[in-house]
Asks: 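Quick one: the structure is below, questions incoming.
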Amino acid sequence: MIPAKAYAALDEKSPLQPYSFERRSIGSHDVQVKILFCGVCHSDIHQARNEWGGSIYPMVPGHEIIGEVLATGSEVSKFAIGDLVGVGVMVDSCGTCKNCSRDMEQYCEEGMTGTYNAIERDGKTIAQGGYSSVIVVKEHYVLSISRKLDPAAAAPLLCAGITTYSPLKFANVQPGQKVAVVGLGGLGHMGVKFAVSFGADVTVISTSPSKEADAVRLGAHHFLLSTDKEAMKKHNSHFDVILDTVSADHDYTEYLDLLDLEGKLLIVGLPSKEPSLSPFSLITKRRSIIGSMIGGINETQEMLDYCADKNIVSDVEVIPMQYINEAYERMVRSDVKYRFVIDLSTL
Ligand code: NAP
Ligand code: ZN
């Protein structure tokens with residue numbers, strides 16, 4: 001077994017605290033990774049605080065992992081000791097169902113195995129995430145990271161990056177199309193960067209007036225304050241695609257109405273309350289709603305290579321491990337520019 005140092009949530013109410021546990025010894029297809037950086041996703045907060053229900057404790061959150069290969073199993077062919085690698089939101093899946101066979105392991109018919117807050121496929125081990133010193137992962141679920149990218153700024157690509165890249169690709173965003181990104185947080189700012197890189201005319205729709213200058217700096221062409229109801233009304237039937245990254249309960253109909261004929265509302269944000277929807281807002285312009293969860297391993301590698309090519313990374317605030325509880329509070333207040341990333345050397 002491999003000893004690991006970490007920070008964990010022991011229940012839904014207490015702050016995260018120092019925690020020690022053991023990783024499995026590496027098997028023939030496993031890669032052992034020394035974790036250098038781990039991004040802080042709002043899903044970490046939802047799950048540590050049991051906002052979706054069913055949380056498993058003790059929980060070491062973290063699924064935006066960047067590290068260096070420390071050791072490889074005898075059958076591992078893709079990685080060598082010292083390689084810079086990433087681990088995202090999943091660490092296993094059945095590998096044989098129709099969705100896994102189509103390289104969409106995240107939609108595995110048996111359910112993907114999450115990096116944390118999940119039981120591994122041995123049926124008993126609690127999967128533990130990246131707020132830790134080391135992780136052991138099957139080779140197939142390990143991504144290759146270009147040395148061209150700053151490792152701390154690349155960490156959020158493993159979740160925030162792929163979660164916004166995948167639906168924008170699925171919606172086939174084309175140059176000149178009007179794309180709006182709702183919520184300028186970790187996912188949102190990556191959504192802006194990708195939509196801009198695809199040549200779209202990009203609008204940020206935000207509750208925070210103070211983020212307008214940043215939206216423009218990130219490449220957005222327009223900024224719309226969602227609390228300004230007059231301005232919102234002026235954008236009725238305006239957008240081809242809207243990417244909704246909002247983490248808190250909100251009204252989807254308000255955004256549906258902003259879509260043009262056959263426009264698509266891409267939902268990636270995961271508030272806990274079930275939304276209500278107006279069917280009239282859907283049928284009167286043949287609009288559609290599409291949900292999307294991270295991306296498959298092949299698509300994640302494609303996105304990482306695209307980012308290395310275009311020099312796209314996240315805007316990060318690197319923090320010591322001990323700052324995590326304050327970082328959570330700031331994220332809940334929408335006060336993050338635009339992703340916290342933990343430097344695990346501080347653990
Ligand atoms: P984040 O960094 O905290 O950003 C969320 C943003 O939502 C905030 O910065 C804020 O932007 C906006 N917001 C917050 N409260 C709001 C409210 N009441 N009304 C309207 N907007 C509000 O969170 P994140 O890490 O990007 O994650 C966003 C959501 O995506 C979370 O629910 C997370 O669980 C989910 N997620 C889904 C997937 C997937 O596979 N589908 C993957 C990862 C994460 P403004 O200040 O600009 O309004
Ligand atoms: Zn995430």
Side-chain angles (χ1 to χ4, degrees), residues 38-52 55 61-65 86-90 104-107 112 114-117 129-131 155-168 170 180-193 203-215 218 220 223-228 232 242-252 254-255 266-273 275 290-296 299-300 303 314-317 327-341:
C38 184
V40 181
C41 179
H42 210 110
S43 301
D44 300 349
I45 305 178
H46 289 312
Q47 293 175 91
R49 298 183 175 177
N50 199 21
E51 289 171 357
W52 298 334
S55 283
H63 58 208
E64 294 184 337
I65 298 167
V87 178
V89 179
M90 63 183 158
M104 287 189 277
E105 305 92 337
Q106 75 276 34
Y107 304 122
M112 68 168 199
T115 303
Y116 68 88
N117 194 24
Y131 300 1
L157 300 176
L158 277 308
C159 175
I162 186 59
T163 300
T164 50
Y165 178 91
S166 183
L168 290 171
F170 183 73
V181 176
V182 188
L184 197 62
L187 266 58
H189 92 293
M190 290 313 305
V192 169
K193 290 188 186 204
T203 301
V204 167
I205 305 181
S206 171
T207 59
S208 308
S210 64
K211 292 182 182 172
E212 179 163 3
D214 282 341
L218 291 164
F223 184 84
L224 184 53
L225 199 59
S226 53
T227 48
D228 181 344
M232 287 286 275
I242 298 179
L243 177 67
D244 184 327
T245 74
V246 173
S247 52
D249 297 323
H250 62 291
D251 179 10
Y252 289 102
E254 204 181 348
Y255 300 110
L266 309 173
I267 294 191
V268 292
L270 284 167
S272 46
K273 213 168 103 198
I290 299 168
S292 187
M293 185 167 73
I294 49 170
E299 193 180 30
T300 306
M303 178 271 315
S314 191
D315 288 27
V316 300
E317 180 174 338
Y328 276 16
E329 289 313 317
R330 282 183 53 195
M331 278 175 81
V332 170
R333 293 198 304 268
S334 302
D335 175 21
V336 49
K337 295 191 170 167
Y338 276 89
R339 197 57 141 187
F340 291 114
V341 171

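All ligand and atom numbering here is 1-based and tracks the order in the structure.
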Asks: Restricting to under 2.8 Å, identify the protein N, O or S atoms around the Zn ion (ligand 2) as residue plus atom.
Replies: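 Result, waters dropped: C41 SG, H63 NE2, C159 SG.
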
Asks: Identify the heavy atoms of I205 and S226 that sit nearest to each other, and give their distance.
Replies: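 Of all heavy-atom pairs spanning I205 and S226, the closest is CG2-CB, 3.8 Å.
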
Asks: Measuring from atom OG1 of T207 to atom CG of L225, what distance do you get when rounded to the nearest 0.5 angstrom?
Replies: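 Taking OG1 in T207 and CG in L225, the distance rounds to 7.5 Å.
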
Asks: If I compare all heavy atoms of S166 with all of E299, which pair ends up nearest, and what's the gap?
Replies: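 S166 and E299 have their closest heavy atoms at OG-OE1, 2.8 Å.
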
Asks: List the residues meeting salt bridge (Lys or Arg N to Asp or Glu O under 4.0 Å) with D335, not counting sequence neighbours, and say none if there are none.
Replies: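 Expected list: R330.
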
Asks: Give the minimum heavy-atom separation between C41 and E64, together with the two atoms involved.
Replies: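 The answer is CB-OE2, 4.3 Å.
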
Asks: For ligand 1, list all ligand N or O to protein N or O distances below 3.5 Å, rounded to 0.1 Å.
Replies:
unit_1, atom_1, unit_2, atom_2, d
ligand 1, 2 (O), G186, N, 2.8
ligand 1, 3 (O), H42, ND1, 2.6
ligand 1, 9 (O), K211, NZ, 3.3
ligand 1, 11 (O), L184, N, 3.2
ligand 1, 25 (O), H42, N, 2.9
ligand 1, 25 (O), R339, NH1, 2.6
ligand 1, 26 (O), G186, N, 3.4
ligand 1, 26 (O), L187, N, 2.8
ligand 1, 32 (O), H46, NE2, 2.8
ligand 1, 32 (O), L270, N, 2.9
ligand 1, 34 (O), S43, OG, 2.8
ligand 1, 34 (O), H46, NE2, 3.3
ligand 1, 40 (O), I294, N, 2.9
ligand 1, 41 (N), V268, O, 3.0
ligand 1, 41 (N), S292, O, 2.9
ligand 1, 46 (O), S208, OG, 2.5
ligand 1, 46 (O), K211, NZ, 2.7
ligand 1, 47 (O), L184, N, 2.7
ligand 1, 47 (O), S206, OG, 2.6
ligand 1, 48 (O), T207, N, 2.8
ligand 1, 48 (O), T207, OG1, 2.6

Asks: Can you name the side chain to side chain contact (heavy atoms under 4.5 Å, CB included) partners of M331, sequence neighbours left out?
Replies: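 Testing M331 for side chain to side chain contact (heavy atoms under 4.5 Å, CB included), a comparison that skips the adjacent residues, returns V40, H42, I45, V336, R339, F340.
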
Asks: Please find the pair of heavy atoms, one from A215 and one from F223, that lie closest to each other, and give the distance.
Replies: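 Answer, listing the atom of A215 first, then F223: CB-CD1, 3.8 Å.
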
Asks: Hey, are D44 and Y328 close enough side-chain-wise for a donor-acceptor pair under 3.5 Å?
Replies: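 No, because no side-chain N or O of Y328 sits under 3.5 Å from a partner of the opposite role on D44.
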
Asks: Could you check L184, D214, V182, L218 and say which one makes a side-chain contact (heavy atoms from CB on, under 4.5 Å) with V204?
Replies: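 With V204 as partner, side-chain contact (heavy atoms from CB on, under 4.5 Å) holds for just one option, L184.
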
